[in-house]
Amino acid sequence: MKCKLTDKKSLKILLIAGLVLMAVGAIVGYLLPEEAHLATSIAGMASGVGSSFTLIGGVMLLRRWRLGEARARDAELAMTDERGMAVAYKAQSVAAIAAILAMIAMMLVALVRGDEFYALMGSVLLIAVALIKLAAWYIYNRTM
């Protein structure tokens with residue numbers, strides 16, 4: 001389960017895509033009227049995703065620059081051995097649990113507020129996270 005975003009080209013693309021998403025989300029969110037709640041929420045979500053992509057790409061590029069190319073390649077090779085895969089699987093499990101808990105919290109807030117669309121969206125995302133986790137577990141067990 002090796003991450004494909006380890007080479008410099010992919011990280012630069014991720015950084016550029018993040019900056020574009022962040023800028024477009026901020027500009028569209030600023031230009032929309034206050035009455036367009038759903039469109040403003042989508043623009044805010046795009047801006048948030050862009051911020052995340054920018055942060056991930058920037059931190060990984062800085063890490064590669066600081067470590068040097070040789071040590072970064074050695075770290076990438078260490079991720080592909082069995083021990084590295086087991087650590088990645090455990091980290092993925094923790095991330096999946098955190099995502100599921102965040103989705104449950106979002107659904108509870110949506111239900112308390114009486115917002116049916118966000119409750120439905122939260123339940124769909126919760127099911128999607130569970131299916132992705134199941135697929136990752138299946139793929140991991142086939143490779144070991």
Side-chain angles (χ1 to χ4, degrees), residues 1-32 34 36-113 115 117-144:
M1 300 183 59
K2 184 181 177 213
C3 178
K4 301 291 184 194
L5 293 173
T6 52
D7 59 333
K8 283 176 103 172
K9 182 180 178 185
S10 298
L11 289 173
K12 287 179 183 177
I13 291 171
L14 184 68
L15 185 65
I16 291 169
L19 289 171
V20 168
L21 271 174
M22 191 168 53
V24 167
I27 291 169
V28 170
Y30 179 72
L31 294 178
L32 284 173
E34 204 171 303
H37 297 293
L38 182 61
T40 306
S41 296
I42 291 172
M45 190 171 69
S47 181
V49 169
S51 301
S52 300
F53 286 175
T54 302
L55 184 67
I56 291 168
V59 166
M60 291 300 291
L61 280 172
L62 282 174
R63 180 179 176 268
R64 285 186 76 86
W65 174 72
R66 192 169 152 237
L67 282 180
E69 289 299 317
R71 284 188 60 197
R73 270 189 246 110
D74 289 343
E76 290 167 17
L77 287 175
M79 287 189 293
T80 59
D81 66 354
E82 288 183 16
R83 188 172 135 217
M85 289 175 68
V87 169
Y89 178 69
K90 297 237 186 241
Q92 180 192 32
S93 296
V94 170
I97 290 170
I100 289 171
L101 290 176
M103 291 296 157
I104 290 171
M106 186 176 92
M107 279 183 17
L108 289 175
V109 168
L111 287 174
V112 168
R113 288 182 52 203
D115 195 348
F117 175 74
Y118 285 112
L120 179 65
M121 187 174 69
S123 61
V124 167
L125 289 174
L126 187 63
I127 291 169
V129 167
L131 290 175
I132 290 168
K133 176 65 181 149
L134 180 67
W137 173 78
Y138 179 73
I139 291 169
Y140 175 76
N141 282 338
R142 285 189 73 192
T143 58
M144 290 300 280

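Because the structure is predicted, anything quoted here is derived from the model rather than measured.
The main-chain N or O of Ala43 is never found under 3.5 Å from a side-chain atom of Ser47 such that the two would form a donor-acceptor pair.
If you take CG on Leu61 and CG on Leu14, they are separated by 8.5 Å, rounding to the nearest 0.5 Å. Rounded to the nearest 0.5 angstrom, Ile27 CD1 and Leu32 CG are separated by 12.0 Å. Between atom CE of residue Met45 and atom CG of residue Leu21 there is a gap of 10.0 Å, rounded to the nearest 0.5 Å.
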Q. Hey, mind stepping through Leu15 and Phe53 against side-chain contact (heavy atoms from CB on, under 4.5 Å) and telling me if it holds?
A. CA-CA 6 Å; Leu15 185 65; Phe53 286 175; over 6 Å; no

